[in-house]
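Structure record follows, encoded as structure tokens.
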Amino acid sequence: MTDLSVSSSSLAKTLLPPFSFSLRPNVPKRLRFCRKSASFLRKPSSISRQNKLAVVTAIQVSTQSENDGFVLEDVPHLTNFLPDLPSYPNPLRKSQAYSIVKKNFVSPEDVVAQNVAIQKGSPRGVHFRRAGPREKIYFEPEEVRACIVTCGGLCPGINTVIREIVCGLNIMYGVHDILGIEGGYKGFYSKNTLMLTPKLVNDIHKRGGTFLRTSRGGHDTHKIVDNIEDRGINQVYIIGGDGTQKGASLIYEEVIRRGLQVAVAGIPKTIDNDIAVIDKSFGFETAVEEAQRAIDAAHVEVESVENGVGIVKLMGRYSGFIAMYATQASRDVDCCLIPESPFYLEGRGGLFEFIEERLKENGHLVIVVAEGAGQEYVTAEGHDAGKTDASGNKLLLDVGPWLSDKIKNHFTMFRKMAVNMKYIDPTYMIRAIPSNASDNIYCTLLAHGAVHGAMAGFTGFTVGPVNGRHAYIPIALITEHLVAACD
């Protein structure tokens, strides 16, 4: 990394706790540096002991040139609202596993760039704190009571994340009091819990689903934080997608309001791979790999009959990553329909024309369609729409059977051409399987990154790879918008 026009010691002082962040808990602070000059003006912080509502400091930075701007999207730290919180040496310094490592701990100056490729003379852009163990921690391991909860739909790798959080806390830091919250958010106040130990979770990574069970909805912030406070929980690990992470942000805000020493860490989960900022979501590679089986089956079926048309519906509510990657990997797919790219059925250049041309040329074809594609057509025909699930997600209409019927009716009634339709929907098969080797490694890194961050006193953060380096990201940034496969 190039010169930041501040000395190492001054930058370290800037980045070490206590940190500063925006007065709005969900909006991360931004630090701007300039190579030519940089000045840091700190406003004094204060805490109202009466209501325990944290009033945090803000950093104002003046620069001579925005073109050299360096932006740090920081994550909150417990010392922002508990300034007298003591720190302790990280027990990893005595770990045999780290004895041969030259650099045991992540430097407070280490950051990860959001954009690797930039134009000469343009601002250096957004950066995030690099994930990993710190020299100092803000919890005594014997006083930690951690909890883990899983929410939302299933995804390959959830059990691996659970296992590695438990093993990371226990083996690396000596934490023995770890609770599993069963059944999603509502498990907090329905008191469905179990004690988690490395022995208990030893082989759960070999199974699909979630060892802790899951649910949608059931989020009552005050009840959840009441339960966290009553049970003496001081570290909360939340595994879930967009709605779940929004709930985690609300929990973090309420914890701050009450002035509790509770670290809230999120591990983002979505099989659709549409989380902003991070490179990919866990379980995605496994899902794409499993989708190949369905595509292969469809191809075998359609090439064995006359005018065979195979349709494979894959997951992808708003982003067609699974459909697109499975298509590119398969090489047996003739057409891929995703939500980001509109299509039409009739007329020149329409889907019907394409199907007819492929049938005349090859005698068969395979279509992959993401579940969110073509929703406007299904809705326009009067099908029920607008409903949501318990998590607030829009319930999608089933595009697969609709598209199959449209194709069959068009060719048999209008083109007087018999087609053999083969429809495959492997949705639950794909998301219910155990994670593959690559995702297992990835889940381990996510889990350990979350553990290191929570033990170091960070809160209100999520962890994930940014340009191949794991980083701590404010929860608000990954819930602001979804990523499209065409981006």
Would you please say whether a donor-acceptor pair under 3.5 Å links the side chains of [X] and [Y]?
X      : Y      : result
Thr221 : Glu254 : no
Asp272 : Ser319 : no
Glu346 : Tyr344 : no

Sub-3.5 Å donor-acceptor pair from the side chain of [X] to the main-chain atoms of [Y], do we have one?
X      : Y      : result
Arg124 : Val71  : no
Asp279 : Gly468 : yes
Asn273 : Phe284 : no
Ser122 : Ile118 : no
Thr459 : Val264 : yes
Glu371 : Gly316 : yes
Thr462 : Gly266 : yes
Ser281 : Thr270 : yes
Tyr377 : Val399 : no
Arg415 : Thr412 : no

(request) Check whether any side-chain heavy atom of Ile256 lies under 4.5 Å from a side-chain heavy atom of Glu253, and answer yes or no. (result) no

For residues 296-310, dump all side-chain donor-acceptor pairs below 3.5 Å to protein atoms at least two apart in sequence or in another chain.
| residue | atom | partner | partner atom | Å |
| --- | --- | --- | --- | --- |
| Ser304 | OG | Val300 | O | 2.7 |
| Asn307 | ND2 | Ala418 | O | 3.0 |

(request) Applying side chain to side chain contact (heavy atoms under 4.5 Å, CB included) between Asn467 and each of Ile278, Val116, Asn115, report the one that passes. (result)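 For Asn467, the side chain to side chain contact (heavy atoms under 4.5 Å, CB included) check succeeds only for Val116.
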
(request) Test Ile148 against every option in Val166, Val161, Ile267 by the side chain to side chain contact (heavy atoms under 4.5 Å, CB included) rule and name the one that passes. (result)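 When Val166, Val161, Ile267 are each tested with Ile148, the side chain to side chain contact (heavy atoms under 4.5 Å, CB included) holds only for Val166.
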
(message) Let's go through Leu154 and Thr214 carefully: what are the C-alpha distance in whole Å and the side-chain angles of both, what is the deciding distance for side-chain contact (heavy atoms from CB on, under 4.5 Å) to 0.1 Å, and is it a yes or a no?
(response) CA-CA 8 Å; Leu154 297 182; Thr214 186; 4.0 Å; yes

[atom1] of [X]: more than 12 outside heavy atoms within 6.0 angstrom?
X      : atom1 : value
Arg145 : CZ    : yes
Met417 : CE    : yes
Met413 : CE    : no
Phe411 : CZ    : yes
Lys422 : NZ    : yes

(request) Would you sort out whether Phe414 and Phe352 count as a ring pair (Phe, Tyr, Trp, His ring centres under 6.0 Å), showing the intermediate values? (result) CA-CA 11 Å; Phe414 298 102; Phe352 290 155; 8.7 Å; no

(request) Determine, for Lys360 against Glu357, whether the closest basic-nitrogen to carboxylate-oxygen distance falls under 4.0 angstrom. (result) no

(message) Between Arg317 and Asp274 (salt bridge meaning N to carboxylate O under 4.0 Å), is one present in this structure?
(response)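 Salt bridge: no.
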
(message) For a salt bridge (Lys or Arg N to Asp or Glu O under 4.0 Å) check, start with the C-alpha distance between Arg258 and Asp226, then their side-chain angles and the critical distance, and finish with the verdict.
(response) CA-CA 10 Å; Arg258 300 188 190 190; Asp226 284 345; 2.7 Å; yes

(request) Looking only at non-hydrogen atoms, find the nearest pair between Met195 and Leu200 and report the distance. (result) O-CD2, 3.2 Å

(message) Whether Lys280 engages the ring of Tyr442 as a cation-pi pair (distance to the six-membered ring centre under 6.0 angstrom, angle to the ring normal within 45°) should be assessed.
(response)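 Relative to the ring axis of Tyr442, which defines the angle, Lys280 lies inside both limits.
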
(message) Angle between ring planes, Phe461 versus Phe458, binned at 30° and 60°: parallel, tilted or perpendicular?
(response) perpendicular

(request) Show the numbers, then the answer: is there a side-chain hydrogen bond (donor to acceptor under 3.5 Å, both in side chains) between Asn436 and Ser438? (result) CA-CA 6 Å; Asn436 63 14; Ser438 177; 4.8 Å; no

